[in-house]
Amino acid sequence: MSLTEPPPPAAGPDRVGDDAADRLRDRISADSLTTRRDYLRIVATVSGGLAVGGLGVATGILHRHGDSEGLPPAKKVTDHLAPGESVAFRFPGDEDRALAVRLSDGSLVGYSAVCTHLACAVLWREDRGADGELYCPCHEGVFDARSGEVTAGPPPRPLPRIFLTEQSDGSVWAVATARAGEPTREALCRQFGKSRPETARALGCPGAERATGSRRT
Ligand code: FES
């Protein structure tokens with residue numbers, strides 16, 4: 001056979017090799033189809049879950065931070081919180097995700113860690129912005145670390161506040177909550193009004209003066 005002659009047609013064993021290659025190709029196609037289908041199903045499930053969660057929050061079906069009228073029991077959050085650090089905890093209920101953050105200037109702030117867009121978990125990012133940021137990775141939602149106000153992304157409301165106190169031993173406690181956008185005094189009066197009349201009076205809560213005065217007379 002000269003070097004220019006075409007190669008002879010494939011014999012039996014090579015044909016078997018071609019069949020195996022075809023079967024392998026079919027298998028790979030089927031596998032990648034399955035993988036793609038599974039991937040799409042996972043994406044649809046996660047997206048559906050988020051949408052349902054967000055709809056639930058939006059329509060009030062699901063529990064929302066600060067929904068309780070009364071004063072929740074105070075809860076110890078941590079023994080100590082250093083500047084720039086954050087700690088995750090649950091408050092006021094066991095299912096209410098929350099974050100306490102010590103800002104670089106020593107201020108202590110607390111928020112619900114449930115994004116007001118579609119209820120993803122909000123994270124503390126010390127490395128973002130001048131004061132650090134509260135960041136939701138689901139759709140790039142950003143909240144101001146000092147106020148909880150929305151500064152970027154799709155969240156429609158600020159993060160609900162959690163009121164924290166610090167004891168002389170450095171321990172941090174959660175004592176009350178606010179609904180998203182609820183003014184501080186209104187939130188505290190709503191919760192302290194009945195159970196702590198003296199505190200409510202000191203805060204100037206509507207009705208507190210009258211209630212305290214009527215007990216005196
Ligand atoms: Fe969409 Fe947080 S869930 S930005």
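Remember, it's 1-based here, ligands and their atoms both numbered in the order they're listed. Numbering of residues begins at 1 and proceeds along the displayed sequence. Given the structure is predicted, the values throughout are model-derived calculations rather than measurements. Atoms considered below: every heavy atom in the structure, side chains included; atoms not considered: hydrogens, waters and symmetry mates.
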Assess the cysteine pair C205 / C189: is their SG-SG separation shorter than 2.5 Å?
yes

Atom indices of ligand 1, in the order listed, that fall short of 4.0 Å to a heavy atom of C136:
2 (Fe), 3 (S), 4 (S)

If you compare all heavy atoms of A145 against all heavy atoms of L134, which two are closest, and at what distance to 0.1 Å?
CA-CD1, 3.9 Å

Apply the hydrophobic cluster definition, ILVMFWY joined by side-chain contacts under 4.5 Å directly or through others, and give me every member besides L123.
none

One thing to verify: whether R146 and D105 come together as a salt bridge, which I'm taking to mean a side-chain N less than 4.0 angstrom from a carboxylate O.
yes

Within 4.0 Å of some non-hydrogen atom of L118, the atoms of ligand 1 are 3 (S)

Give me the atom names and distance for the closest heavy-atom approach of F91 to I162.
CD2-CG2, 3.8 Å

For C120, the atoms of ligand 1 under 4.0 Å from one of its heavy atoms are 3 (S)

Atoms of ligand 1 close to G141 [distance to a heavy atom under 4.0 angstrom, numbered from 1]:
4 (S)

Selected option - heavy-atom contact closest to atom 2 (Fe) of ligand 1, from A152, A121, C115
C115

Side chain to side chain donor-acceptor pair (under 3.5 Å) partners for S171, two or more places apart:
D169, W173

Specify whether an N/O/S atom of C138 falls short of 2.8 Å from atom 2 (Fe) of ligand 1.
no

Report the angle formed at atom 1 (Fe) of ligand 1 by atom ND1 of H139 and atom ND1 of H117, rounding to the nearest 10°.
100°

